[in-house]
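Inspection log for the structure reproduced underneath, given as structure tokens.
Start at 1 with the first residue, then count along the sequence.
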Amino acid sequence: MSQLLSSDLNWFPCAYQNTDHVITVLDDHRDQSDYWSNVVDPDHDFPNQDQNWGELVRYDGDFEGGAFDDQVYTPSTSSEEQSPHSSVDDPKEVNPLSIVVVDNGKQSTPFRSDFEELRKLFDVISRQIDDMISRATEEIKQEIWIKHYCSSHKILLVGEGDFSFSACLGRAFGRADNMVATSLNSKDFLKKNYGQAMSNIQSLRSRGCKVIHKVNATEMTGHKKLNVVKYDRIVYNFPHAGFSSKESVTDEKRKHKNLVSLFMANAKKMIEEKGEIHISHKCNQFLEQWGLRKLAKKNGLVVMEEEKFNLSDYSGYNTKYGFGGDKNFDCNPSKTYKFRLKKRASES
């Protein structure tokens, strides 16, 4: 115990408490060089009756007279009988380092625990304090917005090309642990076709984003890594089923509409009750004929709003062709369509 007072408690600067015990460590006179080591009798009537505490005073070096347990000093009412090195009338003069133990509001006997028990107690209390700080930090964490997306949203991104859109969000938020970014393409395909894909993926993963390859937007609900949570936002930018020279315009349009419709059918099962499904889509003549509003109604979704899409709102986002090549396509003019679940019978 003398080793505990002379060295191990020297670094405890403040008070700790839990529901059963209160341990207060005071170090008001760290610069003083000589201290008596004594234990004030807890049964002694202090001048201030509120001071029901056992006092342990550190001595810089070995305790005089031997082991700590032998150093029991009981002050009397006569100042001449008191130790010349201490004064009970002025507790601050003998209070450079003290430990106060209260058990359920009742005064305990003078503190008599070995170092291991005390260390375990402080470890428990320290963890409790760390947990409280962590929770408080999480609560005050600032929400960051970039257009329709917030750092507190759980976001699923579908059909990423070189992952530059999701990387843009991650940079804006300063984190990406709230995001899952997916691509239909394999990792090897991305390496061969998109020069910035791997660096974007590395940036996302370093910020905590889950990146998943070979995800089909029309079969998402069956993916075991995606259906574990509900999302606040599911985003599919510029969905496209590809071109074929052998297909007629009517067949191509039917193929594109089928892609979007199946995506909606999957996404509606994966969003929170107040969640949103976003599709950014070119609005020129051919693509306008896909009829997103009708597809939404067919799948039990309601169009909340449609807003002009500005590429400049998303710094670093590159609109890549889905079939490969590292060129960007012209996304103007485009809109972002926002859908939500149908809630009221009047909206049927």
Side-chain angles (χ1 to χ4, degrees), residues 1 3-32 50-58 91-92 95-108 110-146 148-157 166-181 202-211 225 228-233 272-275:
M1 190 66 184
Q3 180 184 4
L4 169 62
L5 287 178
S6 62
S7 61
D8 295 302
L9 286 182
N10 188 42
W11 51 272
F12 288 106
C14 60
Y16 299 82
Q17 75 174 25
N18 63 16
T19 56
D20 298 320
H21 298 83
V22 178
I23 297 179
T24 307
V25 180
L26 306 174
D27 197 354
D28 299 326
H29 302 279
R30 185 181 292 276
D31 295 335
Q32 295 184 12
D50 292 332
Q51 293 175 313
N52 291 330
W53 39 271
E55 179 184 354
L56 309 182
V57 181
R58 187 193 63 195
K92 290 185 178 179
N95 198 25
L97 177 63
S98 57
I99 298 178
V100 183
V101 181
V102 178
D103 190 359
N104 294 327
K106 298 179 181 179
Q107 177 186 324
S108 69
F111 195 71
R112 292 288 190 274
S113 176
D114 60 28
F115 173 66
E116 288 301 322
E117 291 183 18
L118 183 61
R119 186 175 65 179
K120 290 178 182 177
L121 179 58
F122 278 127
D123 285 345
V124 171
I125 297 170
S126 179
R127 287 195 296 270
Q128 291 175 344
I129 292 173
D130 288 343
D131 289 343
M132 287 189 291
I133 292 174
S134 178
R135 288 195 297 270
T137 302
E138 193 67 28
E139 289 174 2
I140 64 175
K141 189 180 291 183
Q142 182 183 8
E143 287 189 342
I144 298 174
W145 284 83
I146 173 170
H148 324 291
Y149 311 109
C150 179
S151 56
S152 64
H153 288 157
K154 291 174 291 184
I155 304 174
L156 171 62
L157 298 118
S166 48
C168 162
L169 298 186
R171 285 192 301 270
F173 297 154
R175 51 186 281 251
D177 54 349
N178 60 320
M179 295 163 46
V180 178
Q202 182 179 0
S203 172
L204 285 165
R205 285 179 168 156
S206 69
R207 291 183 168 91
C209 180
K210 182 183 292 185
V211 177
K225 292 183 179 180
V228 293
V229 298
K230 297 284 188 179
Y231 299 93
D232 299 301
R233 300 288 186 273
E272 295 280 6
E273 184 179 351
K274 296 182 179 180

| message | For V211 and R205: C-alpha separation, side-chain torsions, deciding distance, then whether side-chain contact (heavy atoms from CB on, under 4.5 Å) applies. | response | CA-CA 7 Å; V211 177; R205 285 179 168 156; 3.7 Å; yes
| message | Distance check, rounded to the nearest 0.5 Å: R175 atom CZ versus I144 atom CD1? | response | 8.5 Å
| query | Can you tell if the side chain of K154 reaches within under 4.5 Å of the side chain of E272, non-hydrogen atoms only? | reply | yes
| Donor on one side chain, acceptor on other, S151 and E143, under 3.5 Å | no
| Which residues pass the side chain to side chain contact (heavy atoms under 4.5 Å, CB included) test with Q202, sequence neighbours left out? | none
| request: Test V180 against L157 for side-chain contact (heavy atoms from CB on, under 4.5 Å), laying out the working first. | output: CA-CA 6 Å; V180 178; L157 298 118; over 6 Å; no
| request: Carefully, step by step, assess I146 and L169 under the rule side-chain contact (heavy atoms from CB on, under 4.5 Å). | output: CA-CA 7 Å; I146 173 170; L169 298 186; 3.5 Å; yes
| task | Specify the closest pair of heavy atoms between K225 and K210, including all atoms of both residues, with the distance to one decimal. | result | O-NZ, 4.3 Å
| Pairing residues for D130 by the side chain to side chain contact (heavy atoms under 4.5 Å, CB included) criterion, not counting sequence neighbours | S126
| Between the side chain of N178 and the main-chain N/O of H153, is any donor-acceptor distance below 3.5 Å? | yes
| Sequence neighbours excluded, which residues qualify as ring pair (Phe, Tyr, Trp, His ring centres under 6.0 Å) partners of F173? | none
| said: I'd like to know if K230 and E273 make a salt bridge, using a cut-off of under 4.0 Å between side-chain N and carboxylate O. | reply: no
| field | Heavy-atom pair of closest approach, residues M179 and L204 | value | CE-CD2, 4.0 Å
